Number of protein chains: 2
Amino acid sequence: MTTEAHRDDAAARLRAAGLKVTAPRIAVLDAVSGHGHLDADAVLSRVAGTLPGTSLQSVYNVLGALTDAGLLRRIEPAESPALYESRTGDNHHHVVCTRCRAVADVDCVVGEPPCLAPSDAAGFAIHTAEVTFWGLCADCQREVAG
Amino acid sequence: MTTEAHRDDAAARLRAAGLKVTAPRIAVLDAVSGHGHLDADAVLSRVAGTLPGTSLQSVYNVLGALTDAGLLRRIEPAESPALYESRTGDNHHHVVCTRCRAVADVDCVVGEPPCLAPSDAAGFAIHTAEVTFWGLCADCQREVAG
DNA sequence: CAGTTGTTTTGAGTGACTCAAAACAACTGG
DNA sequence: CCAGTTGTTTTGAGTCACTCAAAACAACTG
């Protein structure tokens with residue numbers, strides 16, 4: 001079954017990351033995997049479907065642990081709560097809609113990470129370049145025009 | 001006198017932006033101008049020197065008004081409160097120290113704004129590209145090495 | 001210089017978390 | 001496979017960085 005396959009996969013990934021396998025962790029990992037960019041509340045809503053009674057605090061704990069373990073990635077666009085996504089390890093970027101806050105992935109702009117080099121780094125030893133594009137999503141373009 | 005010259009300049013810039021000229025606005029504009037990247041508390045500290053008794057709420061009001069008017073720019077790096085800077089209108093970028101949160105300006109990476117074009121914009125109409133570099137500032141490199 | 005309009009202050013309220021202690025569940029080794 | 005240890009989850013309180021609202025006040029206008 002799809003759901004069980006997912007669960008097994010989640011368990012395996014947790015184990016591989018050296019984390020204890022618990023129901024909330026599986027539920028959160030499944031909730032985020034393949035569902036775009038979710039904030040803690042949205043994760044809780046999804047988790048409530050498979051594991052009712054889970055506390056928001058646990059969601060925060062789990063999201064923190066999974067992010068530290070590299071199983072999830074956290075992004076923090078201006079004016080938004082933190083969002084979590086399951087696509088990790090490829091340093092891709094994001095477009096954020098200035099009207100509805102929708103987020104989409106954008107592949108690395110040039111070559112591989114860090115895909116940009118500053119002209120002058122002010123003495124900093126840079127290890128990451130994070131790019132956030134701002135614009136109007138397709139839906140909002142339509143609504144604004146319409 | 002330098003201070004008065006600054007004050008006159010600030011007043012002129014406020015007027016030019018169509019804003020009423022008030023003591024807190026002048027004080028905040030002066031506090032931010034040429035002093036890097038300050039959060040609301042840091043602005044209040046600086047303002048307290050020239051205009052004691054100013055409330056934090058006023059600082060928030062003023063920072064908001066000046067930002068809306070284009071006299072200040074707000075940046076919100078992950079894990080930091082909002083920071084304000086006086087360099088506006090040139091869409092430059094920033095380097096943030098992952099250890100001490102120091103921020104420095106970085107000139108536009110390539111050409112002019114928006115200096116990047118995503119390979120695939122997922123249907124978004126993009127108007128801005130915001131780049132944040134993460135690394136270790138010179139001081140922190142020294143402390144980590146030493 | 002009186003009026004109007006927009007600012008600043010005071011004070012309360014909110015969202016998005018973090019911190020801590022106690023109850024509990026996963027893996028370990030016996 | 002069962003007790004122990006260690007790490008998790010829950011419960012509940014607390015914090016930070018703001019935002020909202022009403023009343024007191026100060027800038028520009030005529």
Side-chain angles (χ1 to χ4, degrees), chain A residues 7-8 10-29 31 37-45 47-48 50-69 71-72 74-84 101 103, chain B residues 7-8 10-32 37-45 47-48 50-69 71-72 74-84 101 103:
Chain A
R7 228 175 44 184
D8 291 352
R13 289 200 284 156
L14 288 168
R15 238 183 291 274
L19 294 174
K20 280 190 183 174
V21 176
T22 69
R25 287 181 175 172
I26 292 171
V28 166
L29 195 45
H37 307 84
L38 304 178
D39 63 19
D41 275 353
V43 171
L44 180 59
S45 303
V47 165
T50 61
L51 199 68
T54 308
S55 69
L56 179 59
Q57 177 61 49
S58 292
V59 170
Y60 277 111
N61 289 347
V62 171
L63 288 171
L66 300 190
T67 302
D68 288 349
L71 294 176
L72 294 180
R74 179 187 3 245
I75 62 171
E76 294 179 48
E79 325 267 278
S80 288
L83 302 176
Y84 296 84
R101 304 278 116 171
V103 175
Chain B
R7 227 176 44 187
D8 292 352
R13 289 200 283 157
L14 288 167
R15 237 183 292 274
L19 295 173
K20 281 191 182 171
V21 176
T22 68
R25 286 181 177 173
I26 293 172
V28 166
L29 195 44
D30 277 347
V32 178
H37 307 84
L38 304 178
D39 64 20
D41 275 354
V43 172
L44 180 60
S45 302
V47 165
T50 61
L51 198 69
T54 308
S55 69
L56 179 58
Q57 178 60 51
S58 293
V59 169
Y60 278 111
N61 290 347
V62 171
L63 288 171
L66 299 190
T67 302
D68 289 348
L71 295 177
L72 294 180
R74 173 198 282 124
I75 62 172
E76 295 179 48
E79 325 266 279
S80 288
L83 303 175
Y84 296 84
R101 304 279 117 170
V103 176

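This structure is a prediction, so every number in the text was calculated from the model and none was measured. Letters A, B, ... are given to chains in the order of the sequence lines, protein chains preceding strands, and every chain is numbered from 1.
Residue A/Ala82 is in sugar-phosphate contact alone, with no base atom involved, counting any heavy-atom pair closer than 4.0 Å across all strands shown. A/Thr22 comes within 4.0 angstrom of sugar-phosphate atoms only, judged by non-hydrogen atoms across all strands, and of no base.
Between A/Arg74 atom CZ and C/dC17 atom C1' there is a gap of 11 Å when expressed in whole angstrom units. Summarising the geometry, the separation between CG on A/Asp39 and P on C/dC17 is reported as 8 Å, rounded to the nearest angstrom. Protein atom CG of A/Leu44 is 13 Å distant from nucleotide atom C1' of C/dA16, rounded to whole Å. One can place CG of B/Leu66 at 10 Å from P of C/dT7, the figure rounded to the nearest angstrom. Spacing between atom OH of A/Tyr84 and atom C1' of C/dA16 amounts to 10 Å, rounded to whole angstrom units. Computed from coordinates, the A/Glu76 CD to D/dC16 P distance equals 17 Å when rounded to whole Å. In this structure, A/Asn61 places its CG atom 15 Å from P of C/dA21, rounding to the nearest Å. In this structure, NZ of A/Lys20 is placed 10 Å from P of D/dT6, rounded to the nearest angstrom.
Looking at A/Glu76, its side chain does come within 3.5 Å of a backbone N or O of B/Glu79 through a donor-acceptor pair. Side-chain atoms of A/Ser45 come within 3.5 Å of backbone N or O of A/Asp41 as a donor-acceptor pair. A distance-only check finds no donor-acceptor pair linking the side chain of B/Arg74 to the backbone of B/Leu83 [under 3.5 Å]. Checked by atom type and distance alone, the side chain of A/Thr67 pairs as donor or acceptor with a backbone atom of A/Leu63 at under 3.5 Å.
The residue among A/Ala23 and B/Thr54 whose nearest nucleotide of DNA chain C lies closer to the 5′ end is B/Thr54.
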>> Reading 5' to 3' and counting Watson-Crick or G-U wobble pairs with both distances under 3.5 Å, write the dot-bracket notation for DNA chain C, | for bases paired outside the strand.
In response: ||||||||||||||||||||||||||||||
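Taking every side-chain heavy atom of B/Leu19 into account, C/dT7 is the closest of C/dC17, C/dT7, C/dA25. Nearest nucleotide to the A/Asp41 side chain, out of C/dC27, D/dT9, C/dA16: C/dA16. Across C/dC17, C/dT7, D/dC28, the shortest atom-to-atom separation from the side chain of A/Pro81 is found for C/dC17. Comparing D/dA17, C/dT7, C/dC27 by their nearest atom to the side chain of B/Arg25 picks out C/dT7.
Considering only heavy atoms from C-beta on, A/Pro24 comes within 4.5 Å of A/Leu51 through its side chain. Side-chain atoms of B/Val62 and B/Thr22, non-hydrogen and from C-beta on, never get closer than 4.5 Å to each other.
Side-chain atoms of B/Gln57 come within donor-acceptor range of the base of D/dC20, with a qualifying N/O pair under 3.5 Å.
In this structure, A/Ser55 reaches the D/dT10 phosphate: one of its side-chain N or O atoms is under 4.0 Å from OP1 or OP2.
Considering every non-hydrogen atom in both A/Leu71 and A/Ala17, the closest pair reads CD1-CB, 4.0 Å.
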